[in-house]
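Since the structure comes first, as structure tokens, the remarks are kept for the end.
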Amino acid sequence: MTNTPSEKPLDFIRQIVTEDQESGKHPTPITRFPPEPNGFLHIGHAKSICLNFGIGQEYQGTCHLRFDDTNPSKEEVEYVESIKADVKWLGFDWQDHLYFASDYFEQLYEFAVELIKRGKAYVCDLTGDQIREFRGTLKEPGKNSPFRERSVEENLSLFGQMKDGAFEDGSRVLRAKIDMASPNINMRDPVIYRILKTHHHRTGDSWCIYPMYDYTHCLSDMLEEITHSLCTLEFEDHRPLYDWVLDTLQTPCHPRQIEFARLNLNYTVMSKRKLLQLVEEGHVSGWDDPRMLTISGLRRRGYTPASIRNFCDQIGIGKRESWIDMGVLENSIREDLNEKAARVMGVLEPLKVIIENYPDDLVEEIEAQNHPQKPEMGTRKLPFSKELYIEKSDFLEDPPKKFFRLGPGREVRLRYGYYITCNSYETDPETGQVTLLRCSYDPETKGGTSPDGRKVKGTIHWVSAKHALGCEVRLYDRLFNVPHPDADKSVDFKDHLNPDSSGSLTDCKIEPSLKNITKGTSVQFERQGYFCLDSVDSKPDELVFNRIVTLRDSWAKLKK
RNA sequence: UGGGGCGUAGCCAAGUGGCGAAGGCACCGGGUUUUGAUCCCGGCAUUCGUAGGUUCGAGUCCUACCGCCCCAGCCA
């Protein structure tokens, strides 16, 4: 890796990886992304995926995808598939390095036998409650289990019987024999195997004892010859145990665990448990609800893999618990789509305009650029006729001076079209809503420029009424209305759900060129924002768009 | 004195004792513009949780204090 001063500085993990590569300790680093298949991946996982797979790529190493599937009571194949799909979609490739901790069950069992033989593990008959009592508290040491001094032979026999299904769930466990007085609670003879007569999604019913995380993870890393085992801060206290297992077993290699801070985003919740709750209780339509910050939700909303990768790149890796502003995520998709998305005309809340002096049956074709800054993206034709739709918000009966759009007597440019002037308007007598604008156009201004060089301040978007396609547009807002929905443990985070996080406009009018747009395609509705054709609910003749994010709007700010 | 971490701008985040405390987001000005978008230019920490100390020199080293986070699952 080269790193000139102008480049982004390396985060502390990459500094370590760089040193290890340069010193020859680990010429080709191997990392791993180790999800438990008990839920969908979210933006927080993306941070870890980008870190682990990113290092694999940058250092010509590899990154494994390993499912940490040691708790069959919570895990399902469906999750395995969705996780694989999400990692791929994000743009990463584990090649042939797809692993499951459950593939190591046999070896893990042998290692446990080895531990027993070395006098470093024992079968404990204490109940769960007793184990907790004996563990002591944060400030007081624990007490030794009465079963701690069982003989190797007895332990071997008992553990074998555990494996063979001789005992009931919860009746016995295998514990590492470390130190019940350790100030680190993880070292107070942690349970490493428990009896769980549960069907496993991969191993079926061949096992009724399952290894615990702390015991499994380090050994899995070791078996795969992982060089740098990256995890989040809450595992910092577990590192002594990680190291103890490998040291005690005198394994041929010993990966280095390094901890970094997990991602926190404001106005949302990140824990799988809470996301699951939102899904199960119907607060959202599913894991892929476009408001969810799951990978599948973001994908459906219209976020691109590149935008998520750039986001993860921007926020950095460190050990401080930090809260990233939602605006940073939004900015990442604006940035990406500004480059890639074609510009089109879409009217969200239509207001009919009649061009009084335009020939009744004339239809002109007007050429429009697909991207003003990228001529290589080509042009398209827009039909123009006597009756148009413009945005309701682009007309004010009594506009302030700084309002550059339509008002009685005001002239405005229709993007790529003509200058029009508002002559009169009609309102609904009951609601007072403006229902129709009568305008005249200047035939000399076709394309949007006037021969006399006169300036118009505003340019607005429009569609031809009889050519426009109808569609539905779904508008989304942040799911919660406070920055830290789960900060106060005494309040249910769901009390902070934003009741207006989702809305729908069903009478939108879009230009006819969108007729054959395919699902998942994103476009910019000029002056509005970026929109993605919904991959689930959209049908060829009932188009449904998701608003990904609005454009920046300095006028909206000015209004305040 | 249970243990383990972390404190640099509104939000992230570089900085690894030597002359100006990167960069991004946000924000505020100005310019270009047929999207009030994009783009461009400029502004934005006499100070690094606080107080002492070491040093010719400290955000970087030492000491004390303050604040925040994590740990008592047969979850990961």
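Here is the naming used below: chain letters follow the sequence lines, and residue numbers restart at 1 for every chain.
Ring centroid separation for the pair A/Phe384 and A/Tyr418 comes in under the 6.0 Å cut-off. A/Tyr213 has its ring centre less than 6.0 Å from the ring centre of A/His217. Taking the six-membered ring where the residue is Trp, the centroids of A/His200 and A/Trp207 are separated by 6.0 Å or more. Between A/Phe404 and A/Trp555, the ring center distance fails the sub-6.0 Å criterion. Aromatic pair A/Tyr193/A/Phe159: centroids less than 6.0 angstrom apart.
A salt bridge between A/Glu339 and A/Lys374 is present, with a side-chain N of the basic residue lying under 4.0 Å from a carboxylate O of the acidic one.
The residue among A/Gly327 and A/Glu140 whose nearest nucleotide of RNA chain B is located toward the 5' end is A/Glu140. Between A/Asn266 and A/Pro372, the one whose closest nucleotide on RNA chain B sits nearer the 5' end is A/Asn266.
Taking side-chain N and O atoms only, A/Gln15 has no distance below 4.0 Å to OP1 or OP2 of B/rA14. OP1 or OP2 of B/rC27 lies within a sub-4.0 Å distance of a side-chain N or O belonging to A/Lys557.
A donor-acceptor contact under 3.5 angstrom links the side chains of A/His64 and A/Glu224, judged on distance only. Of the N and O atoms on the side chains of A/Arg32 and A/Ser229, at least one donor lies less than 3.5 Å from an acceptor on the other residue. Looking at A/Glu259 and A/Gln257, their side chains do bring a donor and an acceptor atom within 3.5 Å of each other.
Using a 4.0 Å heavy-atom criterion, one finds that A/Arg413 contacts the bases of the nucleic acid, with or without backbone contacts as well. Counting non-hydrogen atoms under 4.0 angstrom, A/Leu551 reaches a base of the nucleic acid. Within 4.0 Å of A/Gln524, counting heavy atoms only, lies at least one base atom of the nucleic acid. Contact annotation for A/Phe311: no contact, since no heavy-atom pair falls under 4.0 Å across all strands. Among the heavy atoms of the strands lying under 4.0 Å from A/Lys402 is at least one base atom, whether or not backbone atoms are also near. Among the heavy atoms of the strands, none lies under 4.0 Å from A/Pro141. In this structure, A/Gln373 reaches the bases: a heavy-atom distance under 4.0 Å links it to at least one base atom across the strands shown.
Nucleotide B/rG59 carries an anti base; the chi torsion (O4'-C1'-N9-C4 or O4'-C1'-N1-C2) is more than 90° from 0. Base orientation for B/rC19: syn, the chi torsion being within 90° of 0.
For residues 120-130 of chain A, the side-chain hydrogen bond (donor to acceptor under 3.5 Å, both in side chains) pairs, not counting sequence neighbours, are A/Tyr122-A/Asp189, A/Asp125-A/Arg150, A/Asp125-A/Arg172, A/Thr127-A/Gln130, A/Asp129-A/Arg132.
A/Ser102 is linked by a side-chain hydrogen bond (donor to acceptor under 3.5 Å, both in side chains) to A/Asp69, counting only residues two or more places apart in sequence or in another chain.
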In residues 163-170 of chain A, what donor-acceptor pairs under 3.5 Å come from side-chain atoms, sequence neighbours left out?
from, atom 1, to, atom 2, distance (Å)
A/Asp169, OD1, A/Lys197, N, 2.9
A/Asp169, OD2, A/Lys197, N, 3.4

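With hydrogens and angles ignored, no donor-acceptor pair closer than 3.5 Å exists between the side chain of A/Arg239 and the base of B/rG4. One can find a donor-acceptor pair under 3.5 Å joining the base of B/rU8 and the side-chain atoms of A/Arg320.
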Intra- and interstrand pairs of RNA chain B - dot-bracket, Watson-Crick/G-U under 3.5 Å, | marks other strand: .(((((((.[[[..)..(....]]].(((((.......))))).....[[[[[..)....]]]]])))))).....
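Annotation: B/rA45 and B/rG24 have their P atoms spaced 14 Å apart (nearest Å). B/rG10 and B/rC48: their P atoms are spaced 13 Å apart (whole Å). Nucleotides B/rG53 and B/rA58 have their P atoms positioned 12 Å apart, rounded to a whole Å. Rounded to a whole angstrom, the distance from the P atom of B/rC25 to that of B/rA13 is 16 Å.
The aromatic rings of A/His45 and A/His42 sit tilted, their planes meeting at an angle between 30° and 60°.
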Base versus backbone protein contacts along nucleotides 69-76 of chain B [heavy-atom cut-off under 4.0 Å; B, S, -]: SBBBSBSB
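Non-hydrogen atoms lying under 4.0 Å from RNA chain B are contributed by A/Asn331, A/Asn338, A/Arg343, all within residues 331-351 of chain A.
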